[in-house]
Amino acid sequence: MPYGNCKVYSDGSHFIAIPPTTKPKRRRQPPPEELIEVKSNPQENTDSPTDMPELTQDISEDNCPDTMLELTEENTNCPQDMPEIRLMTKKDYFEELYAANLGVKKSKRRANIIKSMRDYFDTYGQAETYVDRNLARKERNLITRRVRLTRKINLQEVRNEFNYFCTFTYSDAMHTEESFKKKLRTALRHLTERRNWKFVGVWERSPEKHRLHFHGIFYIPEGAMVGELIEVKDYSVKKGIMQTTIQNTYFNERFGRSDFENLNENGSIGEAISYLLKYMEKSGEKIVYGGELPQFFISDVMDEDVVCLYDEETSNKLILYDDFTCWDEGVKVGTVSDATIAQMPKCN
């Protein structure tokens with residue numbers, strides 16, 4: 001019995017088909033959360049005792065000048081000492097606390113979040129349950145992003161498309177952090193639309209100076225490169241040696257510095273993918289995609305092209321032979337290949 005309209009992806013070694021389900025799940029909208037009042041910590045008073053005027057006599061309303069009374073009232077009712085109260089949902093507050101505790105161990109992160117959210121629940125157990133449920137949600141989301149990234153890249157790698165690993169860093173003379181992020185995303189969007197570039201990347205901060213830059217795996221079609229690739233010799237502070245890098249004049253002129261590493265010559269796509277995954281998991285950053293990067297192509301699958309079931313319990317995936325035949329709505333397209341996949345409908 002053939003399987004119609006299967007979603008097919010590559011796991012890096014084999015093609016896997018997912019037949020359509022008969023009862024698709026309906027995504028239900030969660031009920032609206034009530035707002036809570038979150039108090040921010042009051043700012044510390046930076047005035048030191050030596051900055052205050054020295055008083056040599058008792059001060060009372062009878063012998064104190066009006067200006068001194070006004071000064072005293074202003075100091076005792078200083079608005080900057082009052083905590084700031086913000087209205088937000090528990091989920092938004094959890095996300096804020098999670099981001100603030102990314103750099104600590106998981107057990108410490110959990111304890112810190114529970115401690116901060118305890119006052120917004122009737123019991124400690126309720127706070128613990130809520131935090132654990134949301135931590136599990138964050139873990140599921142991370143796994144989903146990891147799977148999506150690997151499927152997109154693996155499907156492109158079947159067609160041998162990614163050819164550069166690029167890093168972009170801004171110069172203080174040209175940009176602020178905000179303008180760099182905005183301008184670079186605009187430039188990359190124009191290149192995907194006008195020159196058919198494709199990329200998968202992530203924003204990263206350097207460990208010491210926390211300077212923002214962008215790392216990405218790129219597909220740049222032949223003849224679609226902008227600017228010129230030039231060799232530049234400079235000193236690497238991180239490695240402590242002189243190095244030769246390949247930089248791009250187009251991005252150097254507009255942002256500050258760029259590094260282009262040819263993956264077909266001296267790079268490894270596997271190492272580049274591992275780097276993106278590692279930083280995504282460490283920092284919680286979301287992956288940035290550009291260009292046409294589907295996860296699946298759609299094909300009918302014949303019985304003779306199925307090696308076995310991928311999962312014996314659920315039977316919801318099929319492992320296919322490396323030379324299986326692709327069909328589009330009952331029409332034979334051809335044996336799976338770069339050219340065949342290019343003709344098949346795609347989806348995410």
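Computed from a predicted model, the values in this text were never measured in an experiment.
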**OP:** Write down the atom of Val306, the atom of Tyr321, and the distance for their closest heavy-atom approach.
**Re:** O-CE1, 3.8 Å
Subject >> Over all atoms of both residues, closest heavy-atom pair of Leu212 and Phe180 >> reply: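 Taking Leu212 first and Phe180 second, the nearest heavy atoms are O-CE2, 4.0 Å.
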**OP:** For Tyr219 and Phe162, run ring pair (Phe, Tyr, Trp, His ring centres under 6.0 Å): C-alpha distance rounded to whole Å, both residues' side-chain angles, the deciding distance at 0.1 Å, then the answer.
**Re:** CA-CA 4 Å; Tyr219 165 62; Phe162 286 108; 7.4 Å; no
Report yes if the side chains of [X] and [Y] come closer than 4.5 Å at any heavy-atom pair, otherwise no.
{"X": "Met88", "Y": "Leu35", "value": "no"}
{"X": "Pro19", "Y": "Cys6", "value": "yes"}
{"X": "Val226", "Y": "Trp197", "value": "yes"}
{"X": "Ile298", "Y": "Cys347", "value": "yes"}
{"X": "Asn112", "Y": "Lys115", "value": "no"}

Rounded to the nearest 0.5 Å, how far apart are [atom1] of [X] and [atom2] of [Y]?
{"X": "Thr150", "Y": "Leu155", "atom1": "OG1", "atom2": "CG", "value": "11.0 Å"}
{"X": "Leu276", "Y": "Arg145", "atom1": "CG", "atom2": "CZ", "value": "13.0 Å"}
{"X": "Leu87", "Y": "Ile85", "atom1": "CG", "atom2": "CD1", "value": "8.5 Å"}
{"X": "Glu139", "Y": "Asn134", "atom1": "CD", "atom2": "CG", "value": "13.5 Å"}
{"X": "Asn262", "Y": "Ile220", "atom1": "CG", "atom2": "CD1", "value": "9.5 Å"}
{"X": "Phe165", "Y": "Phe199", "atom1": "CZ", "atom2": "CZ", "value": "13.5 Å"}

Do side-chain atoms of [X] reach the backbone of [Y] as a donor and acceptor pair under 3.5 angstrom?
{"X": "Lys198", "Y": "Asn196", "answer": "no"}
{"X": "Lys152", "Y": "Val200", "answer": "no"}
{"X": "His175", "Y": "Arg254", "answer": "yes"}
{"X": "Asp328", "Y": "Met344", "answer": "no"}
{"X": "Arg109", "Y": "Asn101", "answer": "yes"}
{"X": "Thr325", "Y": "Gly334", "answer": "no"}
{"X": "Ser116", "Y": "Ile113", "answer": "no"}

Subject >> All side chain to side chain donor-acceptor pair (under 3.5 Å) counterparts of Asp305, not counting sequence neighbours >> reply: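 Result, side chain to side chain donor-acceptor pair (under 3.5 Å) vs Asp305: none returned.
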**OP:** Please name all residues satisfying side chain to side chain donor-acceptor pair (under 3.5 Å) with His213, sequence neighbours left out, ordered by chain then number.
**Re:**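 Testing His213 for side chain to side chain donor-acceptor pair (under 3.5 Å), a comparison that skips the adjacent residues, returns none.
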Subject >> Remaining members of the apolar cluster that contains Val104, side-chain heavy atoms under 4.5 Å >> reply: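 Joined to Val104, directly or through intermediates: none.
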Original post:
Rest of the hydrophobic cluster containing Ile230 (Ile/Leu/Val/Met/Phe/Trp/Tyr, side-chain heavy atoms under 4.5 Å)?
Top reply: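 Ile230 clusters with Val232.
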**OP:** Sequence neighbours left out, what passes salt bridge (charged side-chain N to carboxylate O under 4.0 Å, His left out) with Arg257? Give chain and number order.
**Re:** Asp234, Asp259
Original post:
Can you name the salt bridge (charged side-chain N to carboxylate O under 4.0 Å, His left out) partners of Arg118, sequence neighbours left out?
Top reply: none
**OP:** Give a yes or no on whether the ring-centroid distance for Phe15 and Tyr9 is below 6.0 angstrom.
**Re:** no
**OP:** Measure centre to centre between the rings of Tyr170 and Phe255, then say whether the value is under 6.0 Å.
**Re:** no
Subject >> Qualifying ring pair (Phe, Tyr, Trp, His ring centres under 6.0 Å) pairs, either residue in residues 107-152, two or more places apart >> reply: Tyr93-Tyr120, Phe121-Tyr130
**OP:** Quick one: which residue pairs count as a ring pair (Phe, Tyr, Trp, His ring centres under 6.0 Å) with a foot in residues 327-346, not counting sequence neighbours?
**Re:** none
Any salt bridge (Lys or Arg N to Asp or Glu O under 4.0 Å) pairs touching [range], not counting sequence neighbours?
{"range": "residues 123-132", "answer": "Arg110-Glu128, Arg110-Asp132"}
{"range": "residues 180-197", "answer": "none"}
{"range": "residues 215-227", "answer": "none"}
{"range": "residues 89-100", "answer": "Arg86-Glu96, Glu95-Arg137, Glu95-Lys138"}

Assigning hydrophobic clusters by single linkage (Ile, Leu, Val, Met, Phe, Trp, Tyr; side-chain heavy-atom cutoff under 4.5 Å), is [X] placed with [Y]?
{"X": "Val8", "Y": "Val147", "result": "no"}
{"X": "Val288", "Y": "Leu191", "result": "yes"}
{"X": "Tyr250", "Y": "Leu229", "result": "yes"}
{"X": "Ile18", "Y": "Ile143", "result": "no"}

Original post:
Would Ser258 and Asn248 count as having a side-chain donor-acceptor pair, cut-off 3.5 Å?
Top reply: no
**OP:** Please say whether more than 12 non-hydrogen atoms of neighbouring residues, nucleotides or ligands are located less than 6.0 Å from CD in Glu329.
**Re:**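 Count not over threshold, so no.
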Subject >> Crowding at CD, Glu304 (>12 non-hydrogen neighbours, <6.0 Å) >> reply: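 Yes, the 6.0 Å shell around CD holds more than 12 heavy atoms from other groups.
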Original post:
When the ring planes of Phe260 and Phe168 are compared, do they come out parallel, tilted or perpendicular, using 30° and 60° as the limits?
Top reply: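 Perpendicular: the ring planes of Phe260 and Phe168 meet at over 60°.
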